[in-house]
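Values below: every heavy atom of this structure, side chains too, minus hydrogens, waters and symmetry copies. Residues take their numbers from the sequence shown, with the count starting at 1. Keep in mind that what you see is a predicted model, and the values were worked out from it rather than measured.
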Amino acid sequence: MEETKYIKINFYLLLGILPLSIVGYLFAVYKENLFFLYEWSLTLLIVASIILSIIGIIKNEGNSKWISLSYFAFLVQFSVLCLFLGPFTFYSVIFVFYVTTFITILIFIIAIRKINKFKFIPLLFLTLSTIFTIYVIFLNALWETNWI
């Protein structure tokens, strides 16, 4: 019971990104001066989830440790993506994202092989990671073109 508590709370925290993003969209469109509330709320949510995943890695034993490691790897990759799309929009950060994605996908594959319960979590993260990677590959392809 103790080991699944951290996994479930972390899942609900990450699920909270969806309604928060809708509020962020509404702030961006209608009240741009309040958009900083979305940015800081998202940052707080990600930091809380990272801390909870680290606690889960330390406290969980056996194969469920890999689920918390999957959370941590996904959050690191998501943070690098957010930093690339935000303040660090430099060409070299794309390669930092690629390295992070490679390590993250390896962790997801190992987690999928090792765990029996909650196998959908690393599969979901693997799918989202693939979508993020296709998006960054698209941005990488457009970086040096003169279409705009």
Side-chain angles (χ1 to χ4, degrees), residues 1-29 34-144:
M1 181 68 176
E2 179 76 20
E3 63 186 31
T4 61
K5 179 175 77 169
Y6 297 110
I7 294 168
K8 289 178 182 178
I9 292 172
N10 217 341
F11 183 76
Y12 293 135
L13 276 176
L14 288 180
L15 205 56
I17 291 176
L18 295 175
L20 185 64
S21 295
I22 293 170
V23 170
Y25 171 77
L26 293 174
F27 282 162
V29 173
L34 295 177
F35 189 72
F36 75 95
L37 290 174
Y38 163 73
E39 292 175 327
W40 282 103
S41 299
L42 182 64
T43 302
L44 182 67
L45 193 68
I46 289 173
V47 167
S49 190
I50 285 175
I51 291 170
L52 196 62
S53 65
I54 291 172
I55 291 171
I57 291 169
I58 294 169
K59 290 201 174 193
N60 286 344
E61 295 182 12
N63 292 338
S64 60
K65 184 179 287 201
W66 284 96
I67 298 173
S68 294
L69 194 61
S70 295
Y71 278 122
F72 182 75
F74 175 75
L75 290 166
V76 168
Q77 181 193 23
F78 186 68
S79 298
V80 170
L81 177 67
C82 289
L83 287 174
F84 168 68
L85 296 176
F88 297 115
T89 309
F90 304 114
Y91 189 73
S92 59
V93 179
I94 290 176
F95 298 108
V96 173
F97 177 79
Y98 289 149
V99 169
T100 307
T101 300
F102 179 73
I103 294 168
T104 301
I105 288 175
L106 284 176
I107 290 172
F108 293 154
I109 291 171
I110 292 170
I112 291 169
R113 290 183 179 174
K114 290 205 177 217
I115 61 174
N116 297 325
K117 193 175 180 183
F118 298 115
K119 194 173 267 206
F120 71 93
I121 293 174
L123 286 171
L124 177 68
F125 289 157
L126 185 63
T127 305
L128 289 173
S129 178
T130 305
I131 292 169
F132 293 161
T133 306
I134 290 170
Y135 177 68
V136 171
I137 288 172
F138 180 71
L139 288 178
N140 193 6
L142 291 176
W143 194 276
E144 291 296 323

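For the pair Ile115 and Ser64, the minimum side-chain heavy-atom distance is 4.5 Å or more. The shortest side-chain heavy-atom distance between Thr101 and Ile105 falls under the 4.5 Å cut-off. Contact of the Leu34 side chain with the Leu37 side chain is registered, since non-hydrogen atoms from C-beta on lie closer than 4.5 Å. Tyr98 places a side-chain heavy atom less than 4.5 Å from the side chain of Val136. Looking at heavy atoms from C-beta onward, Thr104 lies out of side-chain contact with Val76 at the 4.5 angstrom threshold. Between Phe11 and Phe118 the shortest side-chain heavy-atom distance does not fall below 4.5 Å. Counting heavy atoms from C-beta outward, Leu123 and Phe108 have side chains that stay 4.5 Å or more apart. Side-chain contact between Ile94 and Leu139 is absent, with no heavy atoms from C-beta onward closer than 4.5 Å.
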Next on the checklist: What verdict does the side chain to side chain contact (heavy atoms under 4.5 Å, CB included) test give for Phe132 and Val80, after you've listed the backbone C-alpha separation in whole Å, the side-chain angles of each residue and the deciding distance to 0.1 Å?
Outcome noted: CA-CA 11 Å; Phe132 293 161; Val80 170; over 6 Å; no

Checklist entry - Step by step, would you call Leu14 with Leu75 a side chain to side chain contact (heavy atoms under 4.5 Å, CB included)? => result CA-CA 9 Å; Leu14 288 180; Leu75 290 166; 3.5 Å; yes

Checklist entry - Are Phe125 and Tyr71 close enough, and set up right, to give a ring pair (Phe, Tyr, Trp, His ring centres under 6.0 Å), and what steps lead you there? => result CA-CA 8 Å; Phe125 289 157; Tyr71 278 122; 5.3 Å; yes

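Checked by atom type and distance alone, the side chain of Lys114 never pairs as donor or acceptor with a backbone atom of Asn63 at under 3.5 Å. Not one N or O on the side chain of Asn10 forms a donor-acceptor pair closer than 3.5 Å with the backbone of Leu52.
Environment of NZ in Lys65: crowded, with over 12 heavy atoms of neighbouring residues, nucleotides or ligands closer than 6.0 Å. Around atom CZ of Phe72, no more than 12 heavy atoms belonging to other residues, nucleotides or ligands sit under 6.0 Å away. Within 6.0 Å of the NZ atom in Lys117, the count of heavy atoms belonging to other residues, nucleotides or ligands does not exceed 12. The 12-atom threshold is not exceeded at OH of Tyr12, counting heavy atoms of other residues, nucleotides or ligands nearer than 6.0 Å.
To the nearest 0.5 Å, the span separating CG on Leu42 from OG on Ser79 amounts to 8.5 Å. To the nearest 0.5 Å, the span separating CD1 on Ile55 from CG on Asn60 amounts to 11.0 Å. Here the straight-line distance linking atom CD1 of Ile67 with atom OG of Ser53 works out to 12.5 Å at 0.5 Å rounding. If you take OG on Ser92 and CZ on Phe97, they are separated by 14.5 Å, rounding to the nearest 0.5 Å. Taking CZ of Phe27 as the start and CD1 of Ile22 as the end, the distance is 13.0 Å to the nearest 0.5 Å. For the atom pair OG (Ser49) and OH (Tyr6), the distance works out to 14.0 Å, reported to the nearest 0.5 Å.
Checking Ile50, Thr43, Leu44 one by one against Ile46, the side-chain contact (heavy atoms from CB on, under 4.5 Å) holds for a single residue, Ile50.
The distance between the ring centers of Tyr38 and Phe35 falls below 6.0 angstrom.
A parallel orientation is assigned to the rings of Phe74 and Phe78, their planes being inclined by less than 30° (bins at 30° and 60°).
A donor atom on one side chain and an acceptor atom on the other are not found under 3.5 Å apart for Gln77 and Thr100.
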